[in-house]
Amino acid sequence: MVRLITCFALILAGAQLAGAASAVIYFERNVPAARFAASDIRQALEAKETTVTERDLTAVGQSGNGLQFVLASSPEESRRMATGLKLAAFHASDPQSYAIRKRATTYVVLGGGPAGAMYGGLDIAESIRLGTLAEIKDEEHTPYIAKRGIKFNIPLDARTPSYSDASDSAQQNIPEMWSMAFWSEFLDEMARHRYNVLSLWNLHPFPSMVKVPEYPDVALADVKRTTVRFEDHRHNGTDMSSPEILAHLETIKRMRIEEKIKFWRDVMQYAHDRGIEVYLFTWNVFTFGAEGKYGITSDQTNLTTIDYFRKSVRETILTYPLLAGIGITAGEHMPVNQGEFSKEKWLWRTYGEGIRDALKLQPNRQFRLIHRQYMGPDGYTWGREFMSREPDLPRKLVIKKQWYSFMLWGRLSFEPTLPDALFERTLAARFPEVPADKLFAASSHASKIIPRATTFSWGNIDIQWFPEACAGYLKGTGFYTVEKFMKVQPMLGSGVLSIPEYLQALADGKQPQGMTPIQVAEDLKSNAAATLRLVAELRPAARSKELRFTLGDYEAMAHLGDYYAEKILGAIDLALFDRTGDAKKKGSAVAHLRAALEHWKKYAATATAQYKPQLLTRIGYFDLNQLTSNVEQDIEFAQNYVRK
């Protein structure tokens, strides 16, 4: 029934467009956000073989009664359009908010600001692409979360690395960070998914982005990358650079510091034109690129270093008028905890005073200082993808390869009440060769596997728990063996019970209060089975490479879910053997772990058929096939297990 309704909507909207061989888009040409939305509307209409004319807002009402789209980019223009076209008024509460008004074949976006007009226009363009234009009714939209951001560890240069530089993705993406073509495509996609904050994270960005008058020789010309292969398991920022790395540099782009500054001003302007605020975040105290110059060191008590940071912060703010703020970290490389050089005092003397210095010169400037603790991701760079065994050329942006995930997070952060039908129709338009309801269901089932496994085995950062590898990379963690699964703690507040908690409740004759480990395994098996069934139904019709890879991803997740289910059941039985001495439980544990091995082999084979092994920061070289020996050792451990 859902499939029939979707098809009927496509036919209905198609008929509406077919009756209009031409359309007019009215917008304020001097507003870049409106131009961007109008461009998306134009492309959507032209794909439906509709001729498009673009006109200024002052011409509204002069083109008869054909198909018309109006984008008003300010409260004043919105009031004027609503009054002139006799539409219900819209009282904007936020510059990102917007209303859509429909009168016959005229569609009007009343924006609370340029961003609101852009989001409304993108909604219109989406409706045209999905064939749902006829379903649009008068509606109003206000963001649920005001700041919807993407954290981007940015590998600027081997001399000014990010926290992700000890990875294949970072090293391969250094040239992309200095490409306007990359950033324009990336920022366009951010806007389409309703993200409005981009935070750029680097251990010490200043030498690559600014020239400080008091320390001019710190500024770095050109963009360089090391030819040295990074080692596995780099866990902290101090080892992102070394004399060996700096002794083997290659120049990948010639740029004077003045050209670099212009480049980043252009990036920030483009982001601003898409309603996106840009922030710089740093870890402290790192002095890559400046170390040794003018007496600068990473010593937290070095007064020259403090002055250098203060001047760098001031100059960064003055150099980039569109920079929205700076984020700081107290902890990564800050050993002094007490006295005048304590972490917080150091941060105030450098970043705090540097911001105050700049704002004294720009008293009307709005600027944010953000004090953060921990967040991810750190091990992978969201630039272009370099993992695929069948890559597109040029390599696809990660935000476009993983478009569905970015769409879900961005759109639902803006408007969590969006119906499933929108996402189903989006899948139908992208993959018309298969039933969208089944593809949507496959995605839903597959996407529940890692979250469920993670509620059972909890680690709040990547080096504590990397579910794709069943491993953690804190000192002494490594592969999560069945022995660890017998003791592992679940996510706090998840309602999931650990194996010891579950078995203790049984021993006490009490009803377990929460989701038991057996129920976790059943949930994993259920989602895995549903995923595999749907993939098998969809795969024969999968013509595009993208759909083939998507189904491969779902299948890999299903095999991983079955692996975790069997491993959890094996851990339960081995723990029961330890408590009771029942040899049958030991034999059952071995059987479950043998089944887990077979699922792991299928998982590894499916995933590595599509993606190459790669080096990940702090996690190390990630190769699923190499981890198979660890999975096999679980069986041997269970066979030889002796009660404690």
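Quick caveat: nothing in here was measured; it's all calculated off a predicted structure.
- By the ring pair (Phe, Tyr, Trp, His ring centres under 6.0 Å) test, Phe466 is found to be paired with Phe622, residues two or more places apart in sequence or in another chain being considered.
- Note that CZ of Arg543 is 4.5 Å distant from CD of Glu433, once rounded to the nearest 0.5 Å.
- Ion pairing between a basic and an acidic side chain is recognised when a charged N comes within 4.0 Å of a carboxylate O; Arg533 and Glu537 show such pairing.
- Checked by atom type and distance alone, the side chain of Asn153 never pairs as donor or acceptor with a backbone atom of Thr381 at under 3.5 Å.
- Among residues two or more places apart in sequence or in another chain, the side chain to side chain donor-acceptor pair (under 3.5 Å) test is passed with Asn202 by none.
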* To do: Just do the salt bridge (Lys or Arg N to Asp or Glu O under 4.0 Å) check on Lys545 and Glu390 with the steps written out, would you?
  => CA-CA 9 Å; Lys545 180 176 72 175; Glu390 298 180 39; 5.2 Å; no

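- Nearest heavy-atom pair across Ala442 and Leu538 is CB-CD1, 4.4 Å.
- Between the Ser199 side chain and the Ile150 main chain, a donor and an acceptor come within less than 3.5 Å of each other.
- Just one residue in the list Leu534, Leu427, Val535 forms a side-chain contact (heavy atoms from CB on, under 4.5 Å) with Lys438, and that residue is Leu534.
- Residues Met209 and Leu280 share a closest heavy-atom pair of SD-CD2, 4.0 Å.
- A donor-acceptor pair shorter than 3.5 Å cannot be found between the side chains of Thr455 and Ser494.
- Looking at every heavy atom in both residues, Ile499 comes nearest to Ala575 through CG2-CB, 3.8 Å.
- The two atoms that bring Met177 and Ile154 nearest to each other are SD-CG1, 3.6 Å, heavy atoms only.
- With hydrogens and angles left out, the side-chain atoms of Asp553 and Thr550 include no donor and acceptor closer than 3.5 Å.
- Remark: aromatic rings of Trp183 and Tyr270 are distant, center separation not under 6.0 Å.
- No more than 12 heavy-atom neighbours from other residues, nucleotides or ligands sit within 6.0 angstrom of CH2 on Trp409.
- A centroid separation of less than 6.0 Å is found between the aromatic rings of Tyr603 and Trp600.
- Proximity of a side-chain donor or acceptor of Asn284 to a complementary backbone N or O of Ala330 within less than 3.5 Å is not detected.
- Heavy-atom minimum distance, Asp165 versus Ala170: CA-CB, 3.6 Å.
- Residue pairs meeting the salt bridge (Lys or Arg N to Asp or Glu O under 4.0 Å) criterion with at least one partner in residues 441-459, sequence neighbours excluded, are Arg452-Asp523.
- With Arg159 as the partner, the side-chain contact (heavy atoms from CB on, under 4.5 Å) test is satisfied by one option alone out of Val223, Thr226, Leu249: Leu249.
- In this structure, the side chain of His599 does not engage the main chain of His559 through any donor-acceptor pair within 3.5 Å.
- Just one residue in the list Arg395, Lys401, Lys396 forms a salt bridge (Lys or Arg N to Asp or Glu O under 4.0 Å) with Glu385, and that residue is Arg395.
- The stretch residues 175-189 participates, sequence neighbours left out, in these salt bridge (Lys or Arg N to Asp or Glu O under 4.0 Å) pairs: Glu176-Arg384, Glu185-Arg384, Glu185-Lys400, Asp188-Arg274, Glu189-Arg192.
- The salt bridge (Lys or Arg N to Asp or Glu O under 4.0 Å) test applied to Arg539 returns Glu555, not counting sequence neighbours.
- With Thr329 contributing its side chain and Trp283 its backbone, the two residues share no donor-acceptor pair below 3.5 Å.
- Annotation: side chain to side chain donor-acceptor pair (under 3.5 Å) contacts of Ser457 (sequence neighbours excluded): none.
- Under a 3.5 Å cut-off, the side chain of Gln610 and the backbone N or O of Phe549 do form a donor-acceptor pair.
- Here the closest non-hydrogen pair linking Ser167 and Thr617 is CB-OG1, 3.5 Å.
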* Asked: Please walk me through it: do Glu415 and Arg411 pass salt bridge (Lys or Arg N to Asp or Glu O under 4.0 Å)?
  -> CA-CA 6 Å; Glu415 198 166 5; Arg411 297 294 294 278; 5.9 Å; no

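- Annotation: side chain to side chain donor-acceptor pair (under 3.5 Å) contacts of Asn527 (sequence neighbours excluded): His445.
- Without hydrogens or angle criteria, Lys586 side chain to Gln639 main chain gives a donor-acceptor distance under 3.5 Å.
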Listing, residues 562-571 side-chain donor-acceptor contacts under 3.5 Å, not counting sequence neighbours, or none:
unit_1 : atom_1 : unit_2 : atom_2 : d
Tyr563 : OH     : Lys567 : NZ     : 2.9
Tyr564 : OH     : Pro467 : O      : 2.6
Tyr564 : OH     : Cys470 : N      : 3.4
Glu566 : OE1    : His592 : ND1    : 2.7
Glu566 : OE2    : Lys525 : NZ     : 2.7
Lys567 : NZ     : Tyr480 : O      : 2.5
Lys567 : NZ     : Asp634 : OD2    : 2.9

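- Around the CD atom of Glu244, the shell of radius 6.0 Å holds no more than 12 heavy atoms that belong to other residues, nucleotides or ligands.
- Tested against Tyr279 for a side-chain contact (heavy atoms from CB on, under 4.5 Å), the candidates Ile370, Ile326, Leu198 yield a single pass: Ile370.
- Applying the ring pair (Phe, Tyr, Trp, His ring centres under 6.0 Å) criterion to Trp178, with sequence neighbours excluded, gives Phe263, Trp264.
- Between the side chain of Asn196 and the main chain of Ala146, a donor-acceptor pair closer than 3.5 Å is present.
- Judged purely by atom type and a 3.5 angstrom limit, Thr426 uses its side chain to pair as donor or acceptor with the backbone of Leu422.
- Shown are Phe286, Phe152, Phe281, Tyr163; of these, the ring-ring contact (aromatic ring centres under 6.0 Å, His included) with Trp201 is made only by Phe281.
- Listed by chain and number, the residues in a side chain to side chain donor-acceptor pair (under 3.5 Å) with Gln402 amount to none (sequence neighbours excluded).
- Residues that satisfy the ring pair (Phe, Tyr, Trp, His ring centres under 6.0 Å) test with Phe456, not counting sequence neighbours, are Phe485.
- Between the side chain of Gln464 and the backbone N or O of Asn460 there is at least one donor-acceptor pair closer than 3.5 Å.
- Take Gln489 and apply the side-chain contact (heavy atoms from CB on, under 4.5 Å) test, not counting sequence neighbours, and it matches Ser498.
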